[in-house]
Amino acid sequence: MCGIIGAICETNVTPLLIEGLKKLEYRGYDSAGVAVETAEGLKRVRAEGKIAALEEKLAETPLAGFSGVGHTRWATHGAPAERNAHPHKSPCGRFLVVHNGIIENAAEIKRSLLPAGSVFESETDTETAAHLLTKFYDGDPVAAIARTLSVMEGSFALGVLCADFPDTLFAAAFGSPLVAALGKDGAYIASDAGALPEAPEEIYSLKDREIVSLTRGSLRFYNEKGEAIEKTPAQVRVQALSVDKGGYEHHMLHEIHQQPEAVRATLAGLLGPEGIDLSGSGLTEDFIKNELERIVIVACGSAYHTGLCAKRLFEGKARIPCSAEIASEFRYADPVIDRHTLAIFVSQSGETADTLAALRLCKEKGAKALSIVNVALSAIAAESEGVILTQAGREIAVATTKAYSAQLSVFYALAIRFAALRGAIGSAEEKALTHALAELPERIAEAIDSTKQTAETLAGRLFEAKDMFFIGRQLDEAAAAEASLKMKEISYLNSQAYAAGELKHGTISLVEPGTPVIVLATQDAISAKTRANLAEVKARGAFTVAVTTRALAPAFAEADEVIVLPDVCQWFTCSLAVVPMQLLSYYTAKRRGCSIDQPKNLAKSVTVE
Ligand code: F6R
C-alpha cells in the first residue's frame with residue numbers, strides 16, 4: 001500500500017522516479033507525486049489518479065535535478081485528491097516527505113501542534129510527520145527524523161528531502177518495507193527492490209526505526225536515537241519488476257498463462273532426484289514425524305484460500321489436525337499454539353501486515369514458523385525460521401493468479417511428504433503422487449488451452465448478472481472461494497462462495513431464475529452430493545455451470561454448461577478448477593469494462609492492518 005521511490009544520481013532524476021513509480025503502481029493508484037531538488041530549490045508536482053496523470057502534469061511543469069522522491073498512493077487518511085497526494089511539505093517548506101504506512105497517533109500529533117499555530121493543508125496522517133520535522137529541526141536532519149520517529153506510532157516508511165542538504169536524501173522505516181541501495185550510477189530507496197532503476201551493488205532492508213542518509217556514492221545508517229550504526233547488506237537476488245505484458249492485453253491474462261512456468265519453477269526447488277526434498281525448508285524429518293501435533297495456516301485473501309485447500313490435504317490425507325486462519329482474525333484470537341504447532345504463513349508479497357503480525361505472535365508462543373512467500377527480500381521471509389520461496393516471478397496484476405498456483409504446488413509437496421513421513425501413505429503412493437505433481441504444470445497448461453474459449457463465451461452470457469454463486473464441497477469449496485474472490489475483485493459483480501451443502505440453510509433464497517450458479521465438482525467421493533445441490537438450484541431456475549472432470553462429466557450433464565478439466569490426481573484438482581474460473585473472471589471483467597489489472601479500491605500489497 002503506497003509506493004515510495006527515491007534517487008540521488010548524476011543524471012536528471014525525474015525520469016528515474018517516474019519509471020520506478022510505474023513499477024510500484026501495483027501498491028496503489030489513487031494519486032502520485034514527485035519532489036525534486038531543482039536549481040531553484042525543492043519543487044513538487046502531484047496529480048490525482050494514476051502515474052499517467054502525473055506524467056501529463058510533468059509535461060507542462062517539468063522538474064529537473066539530481067535528487068528526488070516519488071510516491072504512488074493508496075488512500076488511508078483523506079480522499080484520493082491532489083491536496084492529499086504526496087510529497088507533503090513541512091510548514092517552513094524545508095522538508096518534503098513521502099510516506100507509506102499509517103501514523104496511528106496522527107490525530108493526537110495534530111492536536112498537539114495546533115496551539116503553536118500549525119496549519120495543515122491536507123487530511124493525511126503524513127503531513128504530521130512533515131510538521132514534526134520542522135519542530136525538531138536544529139540543523140541536523142537525522143536528529144530531527146529520529147525525534148519525529150520517537151513520537152510516531154504505527155507503521156511507516158519515510159523518504160525525506162531537506163532543502164538545506166541538496167546532495168543528500170534521507171529515509172527511515174518501522175514496520176513498512178523500504179530498501180536502501182547503492183548502484184553504479186547512484187543511491188536509491190524503494191518500497192520494493194524490484195523498482196530500483198539498476199541492479200544494486202549493495203542493498204539493505206530498513207527496520208526498527210532505522211534511518212539512512214544517502215549521497216551519490218554512500219549510504220550511512222543510524223539507529224532510532226540518530227546514532228551511526230553498521231548494517232550488513234542483504235544477500236538476495238533482486239527480481240526486477242517489469243511492466244511488460246508479454247504481448248497480452250493485460251498483466252492478469254499474461255500471468256494466467258505464466259502459471260505452468262510458475263509452478264514448474266517452484267517445484268524445481270522441491271523435487272529432487274530422490275523425490276520431495278524439504279531440506280531447504282528448515283523442517284526436520286524428526287519434527288514432522290515425532291513432534292508435530294498440529295498445523296495452522298495463516299494468510300489473507302487468495303493466499304488464505306490456498307490454506308483452505310491445504311487444510312483438506314494435511315488433515316484428510318496426511319492425518320494431521322490442521323486449520324486455515326484469516327490472519328487479521330487469528331492474531332487477535334488468542335490461539336492455542338505451542339512448540340508442537342507448525343505455523344505456515346502464505347504471502348505473495350511477504351509483507352501483508354496482518355500475516356506478519358500473526359507470524360510474530362506464533363513465534364512468541366513457540367510455534368515453528370514456516371513461510372511460503374514470493375518475494376525473497378520481504379519481512380515475512382526475513383522473520384520466518386524456514387522459508388519456501390515460490391518462483392512465480394513478480395506478479396503485477398492486483399488479482400493474484402500465478403502466485404496462488406505456485407503456493408498451492410508448495411502445499412502439495414508438503415502434504416505428500418508429511419503424509420509419507422507420518423505413515424498415512426506408503427512409499428509407492430508417495431512416488432505416484434510425486435510423479436503426478438511433477439506433471440502438474442502440463443496439466444495446468446492444458447486447462448488454460450482447453451477452457452479459455454468456453455470461459456470467454458460464458459462471460460458473454462454472465463457479465464450482466466446481478467449476483468453469482470460458486471459452490472463446491474471439500475477441495476472444491478476451497479477452489480470456489482478463490483473463484484468467487486477473483487470474480488468480485490475484478491468485475492465488481494456480487495459473488496459468493498458457498499459449501500454446496502450449506503446453500504439451502506439460507507443463501508438459496510437469493511437464487512432466482514437466471515442466477516448463475518457455478519458448481520465445482522471434481523471430487524469423486526462426494527460428487528453425488530454435489531450433483532444433488534446442482535439439481536436444487538436448477539429447480540429454482542438457476543443458470544448452472546458445472547466445472548468437473550472427464551469421469552464425472554456425464555453425471556453433471558444436466559448443467560446448462562459443462563467445463564471439463566484435464567485429468568489430474570484428485571489431490572491437485574484445485575489447481576485445475578481455478579483456471580477456467582480465473583479466465584471467466586477476466587473475460588467478465590473485460591465485458592464489464594473494468595480496470596482489470598488495477599481494480600478500484602485495491603492495492604496489491606496490504607501493509608496496513
Ligand atoms: C486477491 C489477492 C489478495 C491477496 C491478499 C494477500 O487476488 O491477491 O487477496 O491474496 O491480499 O496478499 P499476500 O499474498 O501478498 O500476503
Got [X] and [Y] here, is their nearest side-chain heavy-atom distance under 4.5 Å?
X: T573; Y: Q523; result: yes
X: I256; Y: Q258; result: no
X: F556; Y: S527; result: yes
X: L437; Y: L440; result: yes
X: F463; Y: L458; result: no
X: V519; Y: T530; result: yes
X: K50; Y: E25; result: yes

Using a strict cut-off of less than 4.0 Å between a Lys/Arg side-chain nitrogen and an Asp/Glu carboxylate oxygen, indicate whether [X] and [Y] qualify as a salt bridge.
X: K452; Y: E456; answer: no
X: R331; Y: D354; answer: yes
X: K402; Y: E261; answer: no
X: E315; Y: K311; answer: yes
X: D560; Y: R461; answer: no
X: E536; Y: K504; answer: yes
X: E249; Y: K590; answer: yes
X: R443; Y: E439; answer: yes
X: R417; Y: D277; answer: no
X: E442; Y: R264; answer: yes
X: D30; Y: K600; answer: no

Atom pair [atom1]/[atom2] of [X] and [Y] - distance to nearest 0.5 Å:
X: I490; Y: S585; atom1: CD1; atom2: OG; answer: 5.0 Å
X: L359; Y: K363; atom1: CG; atom2: NZ; answer: 5.5 Å
X: L433; Y: Y412; atom1: CG; atom2: OH; answer: 12.0 Å
X: Q259; Y: L576; atom1: CD; atom2: CG; answer: 10.5 Å
X: I508; Y: N533; atom1: CD1; atom2: CG; answer: 8.0 Å
X: K368; Y: L292; atom1: NZ; atom2: CG; answer: 10.5 Å

Using a 3.5 Å distance criterion without hydrogens, assess whether the side chain of [X] forms a donor-acceptor pair with backbone atoms of [Y].
X: T284; Y: F287; result: yes
X: E395; Y: A403; result: yes
X: S484; Y: A481; result: no
X: D597; Y: M252; result: yes
X: W571; Y: I416; result: no
X: S347; Y: V373; result: no
X: R312; Y: K317; result: no
X: E255; Y: A397; result: yes
X: T548; Y: A521; result: yes
X: S281; Y: G386; result: no

K488/N494 under side-chain contact (heavy atoms from CB on, under 4.5 Å): CA gap, chis, key distance, verdict:
CA-CA 6 Å; K488 64 188 136 201; N494 179 41; 5.8 Å; no
Under the side-chain contact (heavy atoms from CB on, under 4.5 Å) test against L370, which residue among V387, I388, I295 passes?
I388
So which of T454, L520, V545, L565 actually passes side-chain contact (heavy atoms from CB on, under 4.5 Å) with P580?
L565
E325 and S323: CA distance, side-chain angles, deciding distance, side-chain hydrogen bond (donor to acceptor under 3.5 Å, both in side chains) verdict
CA-CA 6 Å; E325 308 277 351; S323 64; 2.9 Å; yes
What verdict does the side-chain hydrogen bond (donor to acceptor under 3.5 Å, both in side chains) test give for Q348 and T400, after you've listed the backbone C-alpha separation in whole Å, the side-chain angles of each residue and the deciding distance to 0.1 Å?
CA-CA 8 Å; Q348 187 284 129; T400 184; over 6 Å; no
Taking everything shown except H435 itself, do over 12 heavy atoms lie less than 6.0 Å from its NE2?
no
Count the heavy atoms of every other residue, nucleotide or ligand shown that sit under 6.0 Å from CD of E464, and state whether that count exceeds 12.
no
Given F470 and Y498, is the ring-ring contact (aromatic ring centres under 6.0 Å, His included) satisfied, shown in steps?
CA-CA 6 Å; F470 293 84; Y498 255 82; over 10 Å; no
Could you go through the side-chain contact (heavy atoms from CB on, under 4.5 Å) check for L342 and R294 one step at a time?
CA-CA 6 Å; L342 171 63; R294 185 177 162 224; over 6 Å; no
Working note: D334 + K365, criterion salt bridge (Lys or Arg N to Asp or Glu O under 4.0 Å); need CA distance, chi angles, decisive distance, verdict.
CA-CA 10 Å; D334 197 10; K365 288 182 176 267; 3.2 Å; yes
Provide the closest heavy-atom pair for C594 versus S491 in the form atom of the first, atom of the second, distance.
SG-O, 3.7 Å
For G393 against N374, the heavy-atom pair lying closest together:
O-ND2, 3.0 Å
Can you list the steps and then say if L253 with Y587 is a side-chain contact (heavy atoms from CB on, under 4.5 Å)?
CA-CA 9 Å; L253 193 57; Y587 288 114; 4.2 Å; yes
side-chain contact (heavy atoms from CB on, under 4.5 Å) for I396 and H254? Distances and angles first, verdict last.
CA-CA 10 Å; I396 307 292; H254 185 205; over 6 Å; no
Parallel, tilted or perpendicular: which describes the rings of Y248 and H257, with under 30° parallel and over 60° perpendicular?
parallel
Ring centroid separation for Y404 and H305, is it under 6.0 angstrom?
no
Carefully, step by step, assess E383 and R360 under the rule salt bridge (Lys or Arg N to Asp or Glu O under 4.0 Å).
CA-CA 8 Å; E383 295 192 27; R360 289 175 180 157; 2.6 Å; yes
Is there a side-chain hydrogen bond (donor to acceptor under 3.5 Å, both in side chains) between D467 and T515 once you walk through the steps?
CA-CA 7 Å; D467 304 302; T515 302; 5.8 Å; no
What do the steps show when you test Q496 against T507 for side-chain hydrogen bond (donor to acceptor under 3.5 Å, both in side chains), and what is the final call?
CA-CA 9 Å; Q496 290 193 40; T507 306; 4.7 Å; no
